[in-house]
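Report on the following structure.
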Amino acid sequence: MEGSVMDERDVLIAGGGIGGLAAAIGLAGGGFSVHVLEKAPALGEIGAGIQLGPNAFHAFDFLGIGPQARAMAVFVDRLRLMDALTAEEIAGIPLDEPFRKRFGNPYAVIHRGDLHGVFLRACQAHPNIRLSVNSEVVDYEQDGSSVTAILASGGRVTGSVLIGADGLWSRIRARLVGDGAPRVSGHTTYRSVIPTEQMPEDLRWNAATLWAGPHCHIVHYPLSDWKSFNLVVTSHNDAAEAVAGVPVATDTVLAEFDHVHEKARQIIRHGVNWKAWVLCDREPVTNWVDGRVALLGDAAHPMLQYFAQGACMAMEDAVCLTHALGVGRDDPAAALEAYRSRRVLRTARVQLQSREIGRHIYHPRGAHAELRNAIMRAKSPADWYDTLAWIYGGDPLTQAAVAADPLTQAAVAADPVSPSAVAADPVSLSAVGATAGKVAHG
């Protein structure tokens, strides 16, 4: 790095969530000094479960934390889609050896806190990473040779590059994009985590399971070495205002699911300490970069939970950012633009399809739901692997972390924005992620 521009000052990262810490690990591993600025008084994550497709493991491996992430994960056997009105299985995708061979990595679920802990410990152990709390970045200035993060406290921190990984309500996005408040979806999600022994025994499946019903759905899967189950239930109830983590009573949750099968309702009855979030996202944008400033993760492309890819996309961003700055040390602004151009269409596709999945797969009723069932039941496992290849293969930059298997390479080599990678029918298109029965939390 001697003589390069990028080694003179820290890379500044606003936000110490999964995306921000993933970027810190990647950049530090590439020889950069990194300073993470987190607004909270302590580094941690709110929420419960995250589902991890093979593309997440491609990113873990690229970032050098694959073994640690695998040690915390629960490897489910199947993705199941259930009819919440009849309690019958609509479709399922086996996650056994053919799936792993096709995509070069497994599918798993993990507690958000456990995954954040993996990233945090790796950052704390790395000599090139400095972590600061109570350090909210509210604005920035730049002069062509450096960028200065302006903190809520009035403090100023100067670095070579500033990465806005500060989430849905990003202050850096507000300055860079200026698109106002997030879009409120009208969908309310209620979340609970219960001990495994309290989960109905006949539903303790080693699967990521989605119960889809009219204007609602229920998701559950095991966490933390089977010590607990993650429960997530969502109602399209036209909520008008964004809320996050508000406690609600079990009866309040049950009242929005009085039209579904009793087998599905009993899952809700076992939940405790329910909390509510009203789901929000934003319209895709292309302007993620301003000179030496760039957005990452939810600050760049916040998405609804229906594709289970929010955290995965942030980790892919970290991989791509690491690569771009590594090869573009002498021109940081050009490196950030290379990162943006590589990521913007893939993430826009996931943002938009996440909305469509909620409409066509999670919440349809009547003939719409019957059409969904017919399309999904007609697909074989091999058909589903072909349909999912565009997203589970990951960003092409992560291919270096994938086993050198011809089938795997064929899957990940596909252009992530090529129309040929997707079924032409719009309902089949939306079914890509939802049949997997996936919900991401965050």
Side-chain angles (χ1 to χ4, degrees), residues 47-61 66-82 89-115 118 191-212 217-233 264 267 270 305-312 315 357 361-362 376 379-382 384-385 387-389 391-394 431-442:
I50 298 177
Q51 298 190 46
L52 302 171
N55 58 315
F57 286 94
H58 304 338
F60 293 148
D61 293 339
Q68 297 94 318
R70 286 173 173 82
M72 293 289 182
V74 174
F75 298 95
V76 290
D77 297 331
R78 190 173 181 83
L79 303 172
R80 303 186 70 172
L81 177 64
M82 306 293 293
E89 182 172 286
I90 299 169
I93 301 176
L95 304 174
D96 52 5
E97 186 57 30
F99 178 91
R100 296 186 181 201
K101 181 176 177 63
R102 174 66 185 269
F103 297 114
N105 259 312
Y107 190 99
V109 293
I110 193 169
H111 195 287
R112 179 178 288 272
D114 290 342
L115 179 59
V118 168
R191 296 172 180 162
S192 175
V193 177
I194 67 168
T196 296
E197 60 271 18
Q198 294 181 23
M199 184 70 170
E201 190 170 357
D202 61 341
L203 296 176
R204 294 177 196 171
W205 300 331
N206 188 30
T209 304
L210 162 67
W211 300 72
H217 71 268
I218 301 167
V219 168
H220 56 82
Y221 49 81
L223 288 176
S224 304
D225 199 26
W226 279 81
K227 294 182 177 69
S228 61
F229 265 77
N230 190 51
L231 304 183
V232 182
V233 302
I267 301 168
H270 288 276
Q305 62 188 14
Y306 297 123
F307 231 137
Q309 283 288 317
C312 299
M315 291 184 287
I357 286 169
I361 306 303
Y362 283 73
M376 292 184 161
K379 287 182 176 285
S380 68
W384 280 116
Y385 299 164
T387 304
L388 293 164
I391 193 163
Y392 283 168
V432 168
T435 299
K438 295 156 29 116
V439 174
H441 313 296

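For the numbers below, each heavy atom of this structure counts, side chains included, while hydrogens, waters and symmetry mates do not.
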Which value, rounded to the nearest 0.5 Å, describes the distance between L52 atom CG and I110 atom CD1? 6.0 Å

Work out which heavy atom in N105 is nearest to a heavy atom in F99; give both atom names and the distance. O-CE2, 4.2 Å

Whether S228 side chain and V193 backbone form a donor-acceptor pair below 3.5 Å: no

Could you tell me if the side chain of L115 sits less than 4.5 Å from the side chain of F60, heavy atoms only? yes

Of all heavy-atom pairs between N55 and C312, which one has the smallest distance, and what is that distance? ND2-CB, 3.7 Å

Side chains of F75 and L95 in contact at under 4.5 Å (non-hydrogen atoms): no

Minimum-distance pair of heavy atoms, taken over all atoms of G92 and R78: CA-NH2, 3.7 Å

How many angstroms lie between CG in L388 and CZ in R102, if you round to the nearest 0.5 Å? 9.0 Å

Side chains of H220 and W205, donor plus acceptor under 3.5 Å: no

Where is the tightest heavy-atom contact between F103 and A389, given as atom of each residue plus distance? CE2-CA, 3.6 Å

Can you check whether Q198's main-chain N or O pairs, donor with acceptor, with H270's side chain at less than 3.5 Å? yes

Return yes if some donor-acceptor pair links the side-chain N/O of Y362 with the main-chain N/O of Y306 below 3.5 Å, else return no. yes

From CD (Q51) to CG (N230), nearest 0.5 Å: 8.5 Å

If you round to the nearest 0.5 Å, how far is OH of Y107 from OH of Y392? 4.5 Å

Say you draw a straight line from CG of L210 to CG of L79; how long is it, rounded to the nearest 0.5 Å? 10.0 Å

Which heavy-atom pair separates P106 from F57 by the least distance, and what is that distance? O-CD1, 3.5 Å

Please name the pair of heavy atoms, one in P222 and one in A207, separated by the smallest distance, quoted to 0.1 Å. CD-O, 3.8 Å

Tell me whether E197 at atom CD has more than 12 heavy atoms from other residues, nucleotides or ligands lying less than 6.0 Å away. yes

Nearest 0.5 angstrom please: M72 CE to L223 CG, how far? 12.5 Å

Please check: side-chain N/O of R80 versus main-chain N/O of E89, any donor-acceptor pairing under 3.5 Å? no

